[in-house]
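What you see below is based on every heavy atom in this structure, not just the backbone, and it leaves out hydrogens, waters and symmetry mates.
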Protein chains: 2
Amino acid sequence: MGGEAIKQQQRAQETRVRILAAAQEGFARYGYDATGVAEICARAGVSKGAFYHHFPTKQALFLELMEGWLEGLDAQLRAIHASAATVPEALRRMAATVGQVFRVGRGHLPVFLEFWSKAAREPEVWKALSAPYRRYQAYFCAIIEAGIAEGTLRAVSPEVTAQLLVSAAVGLVLQGMVDQNGADWGRVVEDVVDLILDSIERDEV
Amino acid sequence: MGGEAIKQQQRAQETRVRILAAAQEGFARYGYDATGVAEICARAGVSKGAFYHHFPTKQALFLELMEGWLEGLDAQLRAIHASAATVPEALRRMAATVGQVFRVGRGHLPVFLEFWSKAAREPEVWKALSAPYRRYQAYFCAIIEAGIAEGTLRAVSPEVTAQLLVSAAVGLVLQGMVDQNGADWGRVVEDVVDLILDSIERDEV
C-alpha cells in the first residue's frame, strides 16, 4: 500500500472515531432520540455523506458504541480472571470492578435504557441486545464450573448461579442509576457478591 | 351531596379512567415520547381541557399509571405474605408471582425503561422513581427479619439479603424483556430464589 493510501485510511479511521465520540457525547447529554444524524455530523465536523459511508444507520452506530463499552468491561473481567488465584477471589475482585461501572457508566446507562425500550418494539434489534446477555451468562457459567472443578465452590448449578450473578449485577446497576444517592452502590455490589459467595463457597477443610 | 353532584363526580371519575386507559394503550403500543397529549385525548374521546383538569402533565399521568401497576403487585405480595406459613414459603410463592410479571408486564416494561431513561436526565423525577425501589427494599428487609425471628432463616444481614432479592428480580425482569425467548424466565426466577433460599434457610433441626 502506498503512502497516500495509508494516509487516506488513517483519515477515514480518524473520521470514524470522531463520529463515534460526537455521537457518544450527544447521546449522553440529550438522549438517543433527541440526537439526530445532522446533530452528530455538526458536532463531529463531517458531512452526512461521510457519516453514511461509515454507518448505515444511527442504530448501527449505537450498537458499535455499545460493543466498544462492553469490550472494555470484558477485557477488565478477563484480566482479573487471569490474575486471580481462585474463582472466589476473581468474583470478589470483579464485584469491585462493577462498582466502577456506576461511576464511569453514569453518562451511558440512560442511553442504554432508552435504546432498550425502543428495541422492545423492534424485534430485529433484540438479537444484538440479547447477545451480550447470553455471552455474560455463558462466561459466568464457565467461571462457576471452574470454581467447582478447582474445589473452591460447592456443586451448585452453574447455570442458575451465573443467572443470579448476572441478574443481580444488572439489577443493581439499574437501581443505582435511578437512585444514585440512595446507597454506596459500589459497596452494595461487593456485599451482595459476598453473600452469594458465602452460600456457594466450600467450607475450608 | 345531591344526585346531580354525585352523577357529576361519577362522570369525572369515568373520564379519568378513560384517559388512563387510553394513555396506557398508547404508551404500550407507540412508546412514551411518541404518544402526545393530543393523541391520548383523541383515543379517550376527551378534550384537552378535560385532560389538564385531571392531570397537570403527561409525566404526572405516567407516574399515576406506574403507581397503579405497583399497587397491584404490592397487593399480591401482601396477600401471599399473609397466607404463607413461613417466610421461605412466602418467598417461593412470590417468585412464582414475578413469573406472571413477565407475561402481564410485557406491554408496560418498555415504557418503564423509556421513562426511566428520561428521568436520569431530570433530577426531579428521580424521587418518584426511587421511592418504589426503597419501599421494596424496606419490605423485603422486614420479611427477612421476620424469617430470622421465626427461626426459618439464618442470621444473615437483612439489608444485603433484601438487596440481593430486589436486584435479582429487577435484573431478571429486564433481561427477560430484552431476550424474551432466551429462557423460561418465570422458571429462572423460581430457580434463582431457590438458590438464594438454599443459602439463607436454616438447616432443619
Student: Looking only at atom types and distance, does a side-chain atom of B:Thr152 sit under 3.5 Å from a main-chain N or O of B:Pro88, one as donor and one as acceptor?
Tutor: no
Student: Pick one of side chain, backbone, both or neither for B:Val160, based on which atoms fall under 4.5 Å of a heavy atom in chain A.
Tutor: both
Student: Any idea which of B:Val170, B:Thr161, B:Leu164 has the most non-hydrogen atom pairs under 4.5 angstrom with chain A?
Tutor: B:Leu164
Student: Does any N or O in the side chain of A:Glu89 come within less than 3.5 Å of the main-chain N or O of A:Ala85, such that one atom is a donor and the other an acceptor?
Tutor: yes
Student: B:Ala23: which residues meet the side-chain contact (heavy atoms from CB on, under 4.5 Å) condition with it, sequence neighbours left out?
Tutor: B:Phe27, B:Ile40, B:Leu61, B:Leu65
Student: Go through A:Val173, A:Asp191, A:Leu174 and name the one with the most non-hydrogen pairs under 4.5 angstrom from chain B.
Tutor: A:Leu174
Student: Does A:Glu190 reach the main-chain N or O of A:Arg92 with its side chain, forming a donor-acceptor pair under 3.5 Å?
Tutor: no
Student: For the pair A:Leu153 and A:Arg202, evaluate side-chain contact (heavy atoms from CB on, under 4.5 Å) and give the outcome as yes or no after the intermediate values.
Tutor: CA-CA 5 Å; A:Leu153 301 185; A:Arg202 253 176 69 160; over 6 Å; no
Student: Using non-hydrogen atoms only, which part of B:Ser157 is less than 4.5 Å away from chain A: side chain, backbone, both, or neither?
Tutor: neither
Student: Look at the side chain of B:Arg43 and the backbone N and O of B:Ala22, then say whether any donor-acceptor pair between them is shorter than 3.5 Å.
Tutor: no
Student: Quick one: which residues of residues 131-140 of chain B reach chain A at under 4.5 angstrom, heavy atoms only?
Tutor: B:Tyr133, B:Arg134
Student: Is there a donor-acceptor pair under 3.5 Å between the side chain of A:Thr35 and the backbone N or O of A:Tyr32?
Tutor: no
Student: Side chain, backbone, both or neither: which part of A:Val192 has a heavy atom under 4.5 Å from chain B?
Tutor: both
Student: Does B:Ser199 offer a backbone N or O that forms a donor-acceptor pair with the side chain of B:Arg154 under 3.5 Å?
Tutor: yes
